[in-house]
Structures are given as C-alpha cells and as structure tokens.
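This structure is a prediction, so every number in the text was calculated from the model and none was measured.
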Amino acid sequence: MSAVPMARVTLRNLAAHKIRLVLTAVAVILGVAFVAGTLVFTDTMNRKFDDLFDRIGENVAVDVRASRVVDSGDEGAPRPPLPQSVLALVRSVPGVKDPVGSVDGYAALVGRNGKVVGAGQNGPPQLGTNWSDDGVARLVSGRAPAAAGEVVVDRASAKKAGYAVGDQVTVLVKAGPRRATLVGTADIGDMMGATIVAFDTPTAQSLLLRPGYFSEIRMGSTGPDEATLRDRVARVLPSGTEAVTGAKLRDENKSAVASFMGFFRTFLLVFALISIFVGAFIIFNTFSMLVAQRTRELALLRAIGAARSQVTRAVIGEAVAVGFVGSTLGLGAGVGLAALLQSTTGGGGGLTFTATPVLWSYTVGIVVTVVSAYFPARRAAKVPPVAAMRDDVAMPQRSMRIRLAAGSLLTLVGAALITLGLFGHVSNAVVPVGVGAFAVFLGVALLAPVISRPVVRVLGWPFARLLRTPGRLARQNALRNPRRTAATASALMIGLALITAVNVLGSSMRSSVEAQVDKQFGADYVVEPTGAGGLAPELVARVKATGGVKDAGAMYSGSAKISGKRVRYTSGDTAEMLSGTRARLVSGSGALGRDGMLVDEATARKDSLSVGSAVPLLFPDGRTETLHVRGVYAKNQFLGGRVVAQGAYLAHTPDPAVDVIIVTADRADAATKAAIERTLSARPDVKVQDQSALKADARKQVDGFVTFLTILLIMSVVIAAVGVVNTLALSVIERTREIGLLRAIGISRRQLRRMIRAESVVIAVFGALLGIGIGVAFGAALQHALRDKGLSELSVPVGTLAGYLVVAAVIGVLAALWPAWRAGRMDVLKAISTE
C-alpha cells in the first residue's frame, strides 16, 4: 500500500476520533503551557533586569568600591563604605568625567494606612539612595530633594502609599522613623515592585550610611577606554578599595540576576516536567485504547497489503498531529500564564518572546506524544491480517510476569538510588534522588496492574453492597482490564505522591520548629524587623527601659574567615543570648569578655577545638583578631555553630545592625507585650513575638511554602483528572454494544450512570492510595535525611491525607459526569447493532 493512502487513513482517523484526541491533546496543552510559560516569564524577567542594569550603568566607565575582604555569600550584600576623600582623588585623574558618589541603604515608605509599602521579609526591596542627576531616574512631578526633610519617591510607591507631591510622609530607616516632605516623584523604570526613596546626598549619608561616606563612586570617560581609565584610577586609590570597568559592573549585576533566574527557571521546569510525565501516561493510555478499538480495522489494512511499518506510521502520524495541535495551543496558553506571573510580581510592560520557548514547546509536546504512542503503534502493527476474518478480535497482550519483574527491578533500583542520595554523602544528592524517584514511579506504574486486582476488589466491595448490580458491574469493569485501570490510576498517583511528600515534609517542619521553640526559646519576647534594614543598637536601650521589661539584649549576625574559609557567626549580649535560647554549655563558661568565642559540639569536633583554643578570625574590615574558645555548647538552631564576643564584633563592624532583640520580662503577660509595642509604635516595620507568636509565624511561613509547591503540583492532578475522563469516555465507546445489551435486559439510565461513576471513583481512589503511600515513604525518607539540618520530628498529616482521598473520590465523580451522561443517552437498538 502506498504512502499517500496511508496518509489519508491517518487523516480520516483523526477526523473520526476528534473528541477522543482533543481530550488527549488537553494533557499536552497543560504540560506545554507550563514549560512555555516558565521560559517566556524568565526570559522576560532577564530582559527587564538586563535593560535596567544597562540603563543604570550606561554612562559608567569605571566604578570604585571597597574591596570585599570576606565574601558574605550574597552578591547583593553591601560592601564597606568609601570615605568622601576618594571622590576628590578620582576627580584629579586624567580622563575621568563627572564622578558621582552614590549612597545605598534601607529606607521604607509608610503609607497613609500606617503600613509599610511592600512590607515583608520576602517582599520587594525597600531601597534608600541619594538623588543624582545621572539620567537613571527621571522626575515626573515636583523637583529634586535639596535639603534635609525632603524626599523623592518612585511614582508607583507613592501611588500605593496614597501620597502626592507636597504631602508629609514617614520614611523608616535603621535608626527609626523620619518625617519628610514629598517634593517629587520619579520614574526609575520597572523595578519589580521595589520602593525607592531618594534624599539629598548629606541626608542620605547621615541616615543610610555614615556622614562623609559613599557606597561607591561611578564615573564616565572623556575619551580613554574603560580598561585604560580603570588602571589610571586604580593607581591613586588607597588600600582596601578597587576599581572595575563599567562592563564588569554590568556583567556582575546581570550575572547575579541570571543565576537567580536560572535557579527559578529550573525550579519551575521541574514541576512542568512532572506534569508532562503525568501526561505521558494519559497519552499512552488513550492510544492503547484507540488501537484496541480499531483492531479489526488495522487487521483489514494488513489484509489489503499495508506493511507493519505503514500501520505503525499511521498511528504515529496521529500522535504527531495531536502533539502539534497540543503544542500550539499550549504555547498560547503559556504566553497567557507568563503574563499572569508577570502581573503578580508587580512588573509591567510587554513579554519577551524568543525562539527558545517555541522550539522547546513543540519539541516537548511532539516528542512526548510520539514516544508515549510508540508502543501502542508497535502493538497495532502486530495485528495479523487473518484477524480481520474473525468476529472476536483482541490485541495481543504480554504476560504480567514481564511487568512484575521489570517493575520490581525498577522500584528496587530507584529505592537504592534515593537511599544513596539521602544518606550516602554524595557531592550532588539531587541527581540520584531525582533519578531514583523517577525509577520508583515507573516501577510502581509497572507493578500497578498486579496490585490493582486485590485493591480494586476491596475498594469496589462497598459499591457492590450499596449499589448492588451497578456496583458489581463497576467493580468488574475496573478489574476487566488491569493495565488500563493501572495506567489511569498511575497518572493520579504521581501527582498525589509528590503532594503528599510535600505535606509530610511541611508537617514535619512545623512540628520540628515548634519542638525547637519549646526546647530552645527561653526568652519572654523577641523583637525583630520585618524588612531587611535591621535595627539600630540604640533601640535596645529603649526596649530595656520599658515598664515590665527586666532585661533586653541585642543579637547580631556576621561573617568572617577562619583559615581562608568563610563562616557565619552570631554575636551580642552573651548572657541574654544563652538564656534566651536555653543554650546548654557542655564545657567552659559563657563569660566571653572582649576576645572570647563559643562553638557548638559539631564545630568543635570538625575544627578540633576545645576550651582555650586560639582561633584567628579575619573580619570584613580587613583586620585579623585572635579569639579564644571559652566554652562549648550543645547544638542550638538559634545560635548556629559559633558565638563571637560582642566587643570583638563591634570593634570590627562600624555600622552594626541588630537582627533580634531578646527580651526578658518581670511578668510575661499581655500588659508587658502591649507596653513594648507602644515603645515601638513608631516602627511599623518591627514586630514583637512571644513563644506562641513565634510558632504561629513559623507555621505561616511553612504553610505558605507548602501551599506554593502544592499549587505547582496541582497541574499534574488536573492532567490526571483529564486522563480519567478520557479513559472512561473511551471505555464507554469501547463497550457500546455491552451497554446496549445492559439497557435491553432492564438496567435503567440512572443505574448505568451509577455504574460508570462508581468505576471512576474506584480508579481514582486506587490511584490516590498508591500516591499517598509512596508520598508518605518519600516524605519520611527526606525528613530522616534532614534530621541534622533541624528537621528532627516526623509528622504525618493524617487529616490532610484523608482529605486527599475524599478529593480523589470527588475527582472520580466529576470525571465520570460526561461519560456517564453520554452512556445514558445511547440509543439501545443502535448500541446493540454496533460491531
């Protein structure tokens, strides 16, 4: 048979099975939409930040800044400030054009409602700076700040806060609130929701940095290239400072954003691939059923001369068409998803549309569809021509023994890889864990037909008892083709397994944090900022002077280098910190003096330290000081691995910011808490928490994390639900004559619909049980692997998981509505006469 007639056969089959193939395409559409939306959104964000940094550094030939002696691990962390005298030095360098000192720091705008614009530790940045006529910011109303008590705010933030030019506004800086007049609003481009407050230069230095200091100094060039000018500038700079070209500055800024966006893109694409993986089960199931329903037709094609390869290509051609249409629609839906994501981040402007999302959308959509349909296509080609002569034609089926062996092997290998990744101390645990999880899912999916027989019998028993004949028929239908039942249930299994694992992990995180608070929180209250600005040390004395407060101590955090390696430490009022965290000393004492430090047991073992050991620390100011270990304490999540004497910290930190104020009260009651809050009433960016509030805050953060991941995984559950609809719809078509006979012998339309709904519920609940079982195992393994990271308590949210079973049953009912309605509307005589 020629290729042209087979192409016609493919087109005819597509036209004949439009509804079934559209349902299959939905799985492709949803998966591709996730991929395309992620790629378009991250491309758009990268382009916006690239444009922003290009504009900010457009006229910058050389940037002068303090050298970073100790890398904090955060590229955006501030460097030590530069003295104003450096500006005079670079002005004298030949080729330097318009050198400008910039001041950067924390400044938050308080709206008319008394709340901070963009408040929250995970909210957009709240930036303070000095106003500069460098063309980066453009005034859209009013004028530039010219004196203390005047500010310019970005237009978007002024609108959010409800302010207009001439209004009195409140600006929060580290030292406290400041009243100022809004003299202008500016357009600074798309800053993704960041708040920008600009002062005149002396005021910005005083409030955000230090009087007479700049964060950095930028300059243009009157002619020399950037490298030449950089070398000239570097020769006049004092030690501890460095000069970099504008190109390097722009590349550094772009690289930091690109690194984050790359991680974000990978994170979202993982969930997109999960959805596509689930969709593959649906596509495989659909084409398997379509091929099974057309067995006699395929046999006739073979009888009139079609070769096996032609039959295979005909089915693959249908898959290509479904993949192409699904990819096209998925790409369009992905653009809409990217626009939605952009609006939720506070960004504006158009989307960046490159060739990458298009190529990946069609590649993923078509390849996944074709690969999923390949095995049904191969099976179709194996139909012998003589089968066209028989009435009872069935597709050849392989023995369950092969599935049992392959599934068992994959499950065991996957479990071994997960164990290796979680407990084997490998350099990159993500790879074996990811590959192992994939293998486990495939293994369980292969084993599912074997598992389904006893489980479905049990799940179908209540329906058989309650619904009688329709219930018994529903159970028998689910048992009739265990491969089909298993493939449908496996799609739902994957989504619910991951959601369950996330919930087990989240519940364990909540329980672990609450246990740590109960065990290690000894203070009555903690005072901490909600933004990134920290607190001024002077605020500690004000809290301490509040009525009902017995004592208050500061707690800082910092970085230093020990033997060339960067380490984090805490510092502050040692007595209050040890008491407030219920730290247990195992040796030595907590009296640190000016040059002491404490280490936890793990750090002492790793670094071979004991009481009396001398440890040289290189601080960010470039000076090295030798501290002496005064004591060793048991592991404490609040203190971390090292505590440095407050005197040493302050000596090397000219502009300290308090992370937390630890408060001990005479009486820890509502009156004392209210008194502290009154003391801090002018600081809406500060919160006062007792033990119960700390737990509630931790629960809120964990719940937000779990909800975010669950929302991303819901897409896979939606695809699985579509798969249940598709399977039932195809099953109804496959059983047209059987349904007609049932109606002929007296079963009513209502009973028929009940039968199909019950079958759907059994399949959905079976998939949910598999998923929840695997998810609990995954979650428990992750919790055990993270015990040393603070995840000490295993907690299984039984109520939530029971709710997922109910949701699965509801999905089963909803998925059966259309197939059941269609079955009930069949004409009895036509159904009986169907071959």
Side-chain angles (χ1 to χ4, degrees), residues 73 508-528 540 551-560 562 565-593 596-613 615 617 627-649 658-664 668 689-699 701-702 783-795:
S508 298
M509 289 170 66
R510 283 190 293 268
S511 298
S512 299
V513 169
E514 290 180 3
Q516 288 168 12
V517 171
D518 289 336
K519 183 179 179 181
Q520 299 179 355
F521 184 76
D524 294 311
Y525 306 103
V526 292
V527 177
E528 58 182 339
V540 179
D551 199 3
M555 187 170 178
Y556 306 92
S557 63
S559 298
I562 299 177
K565 181 181 178 182
R566 182 182 65 86
V567 298
R568 299 284 298 174
Y569 64 82
T570 55
S571 184
D573 186 326
T574 309
E576 195 71 12
M577 287 168 58
L578 294 178
S579 172
T581 60
R582 290 181 178 165
R584 181 174 61 85
L585 288 170
V586 295
S587 63
S589 74
L592 299 187
M597 69 180 295
L598 302 173
V599 294
D600 69 359
E601 291 178 294
T603 302
R605 283 194 302 269
K606 186 178 69 173
D607 296 344
S608 302
L609 300 175
S610 60
V611 175
S613 296
V615 183
L617 270 71
L627 302 185
H628 301 274
V629 176
R630 307 292 190 201
V632 179
Y633 57 91
K635 182 178 179 179
N636 189 288
Q637 295 295 327
F638 293 104
L639 292 179
R642 297 171 179 84
V643 176
V644 168
Q646 184 171 223
Y649 169 79
V658 177
D659 292 331
V660 174
I661 301 175
I662 300 171
V663 182
T664 304
Q689 294 182 297
D690 56 13
Q691 188 178 84
S692 60
L694 270 177
K695 290 181 180 179
D697 191 45
R699 283 194 296 269
Q701 292 187 36
V702 172
Q783 179 274 328
H784 186 76
L786 296 172
R787 290 183 68 183
D788 292 339
K789 304 295 183 182
L791 208 63
S792 57
E793 306 293 323
L794 174 63
S795 175

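With hydrogens and angles ignored, the 3.5 Å screen pairs no side-chain donor or acceptor of Gln646 with any backbone N or O of Thr574.
Between Ala554 and Val540, the closest heavy-atom pair is CB-CG2, 3.8 Å. A pairwise comparison of heavy atoms in Gly593 and Ala645 identifies O-CB, 3.5 Å as the closest pair. When all heavy atoms of Val599 and Ala604 are compared, the pair lying nearest together is CG2-CB, 4.0 Å. When all heavy atoms are compared, the tightest approach of Gly631 to Val611 is CA-CG2, 4.1 Å. Contact record, Gly590 with Leu585: N-CD1, 3.5 Å, taken as the closest heavy-atom pair. The shortest non-hydrogen separation linking Gly641 to Tyr633 is C-OH, 3.2 Å.
Taking the side-chain contact (heavy atoms from CB on, under 4.5 Å) definition, one finds that Val702 meets it with Met509, Arg510, Val706, sequence neighbours left out. With sequence neighbours left out, Phe638 forms a ring pair (Phe, Tyr, Trp, His ring centres under 6.0 Å) with no residue at all. Every residue meeting the side-chain hydrogen bond (donor to acceptor under 3.5 Å, both in side chains) condition with Asp659, not counting sequence neighbours, appears here in chain and number order: Ser557. Scanning for side-chain hydrogen bond (donor to acceptor under 3.5 Å, both in side chains) contacts around Ser792 gives an empty result, with sequence neighbours left out. Residues passing the side-chain hydrogen bond (donor to acceptor under 3.5 Å, both in side chains) test with Ser608, sequence neighbours excluded: none. Taking the side-chain contact (heavy atoms from CB on, under 4.5 Å) definition, one finds that Glu576 meets it with Asp551, Asp573, Ile662, Thr664, sequence neighbours left out. Take Phe521 and apply the ring pair (Phe, Tyr, Trp, His ring centres under 6.0 Å) test, not counting sequence neighbours, and it matches no residue. Among residues two or more places apart in sequence or in another chain, the ring pair (Phe, Tyr, Trp, His ring centres under 6.0 Å) test is passed with His784 by Phe423. Residues satisfying the side-chain contact (heavy atoms from CB on, under 4.5 Å) criterion with Glu601, sequence neighbours excluded, are Val586, Arg605, Val632, Ala634. Looking at residues two or more places apart in sequence or on another chain, you find a side-chain hydrogen bond (donor to acceptor under 3.5 Å, both in side chains) between Glu514 and Arg699. The side-chain contact (heavy atoms from CB on, under 4.5 Å) check on Val567 picks up Ile562, Arg642, with sequence neighbours excluded.
With rounding to the nearest 0.5 Å, the separation of NZ in Lys635 from OG1 in Thr603 is 10.5 Å. Within the model, atoms CG of Asn636 and CZ of Arg582 stand 11.0 Å from one another, a figure rounded to the nearest 0.5 Å. Here the straight-line distance linking atom CZ of Arg630 with atom CG of Leu592 works out to 7.5 Å at 0.5 Å rounding. Distance check: Leu791 CG to Gln783 CD gives 5.0 Å after rounding to the nearest 0.5 Å. Put simply, CD on Glu528 and CG on Asp697 are 7.0 Å apart, with the number rounded to the nearest 0.5 Å. Here the CE atom belonging to Met577 is positioned 6.5 Å from the OG atom belonging to Ser571, to the nearest 0.5 angstrom.
Contact of the Ser508 side chain with the Glu793 side chain is not registered, since no non-hydrogen atoms from C-beta on lie closer than 4.5 Å. Within the 4.5 Å cutoff, side-chain heavy atoms of Leu639 are placed close to those of Met555. For the pair Met597 and Leu617, the minimum side-chain heavy-atom distance is below 4.5 Å. Counting heavy atoms from C-beta outward, Leu627 and Val644 have side chains that approach closer than 4.5 Å. Counting only heavy atoms from C-beta outward, the side chains of Leu578 and Leu598 approach each other to under 4.5 Å. For the pair Asp518 and Lys695, the minimum side-chain heavy-atom distance is below 4.5 Å.
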(message) Quick one, Tyr569 with Val643, criterion side-chain contact (heavy atoms from CB on, under 4.5 Å). Give me CA distance, side-chain angles, the key distance, then yes/no.
(response) CA-CA 6 Å; Tyr569 64 82; Val643 176; over 6 Å; no

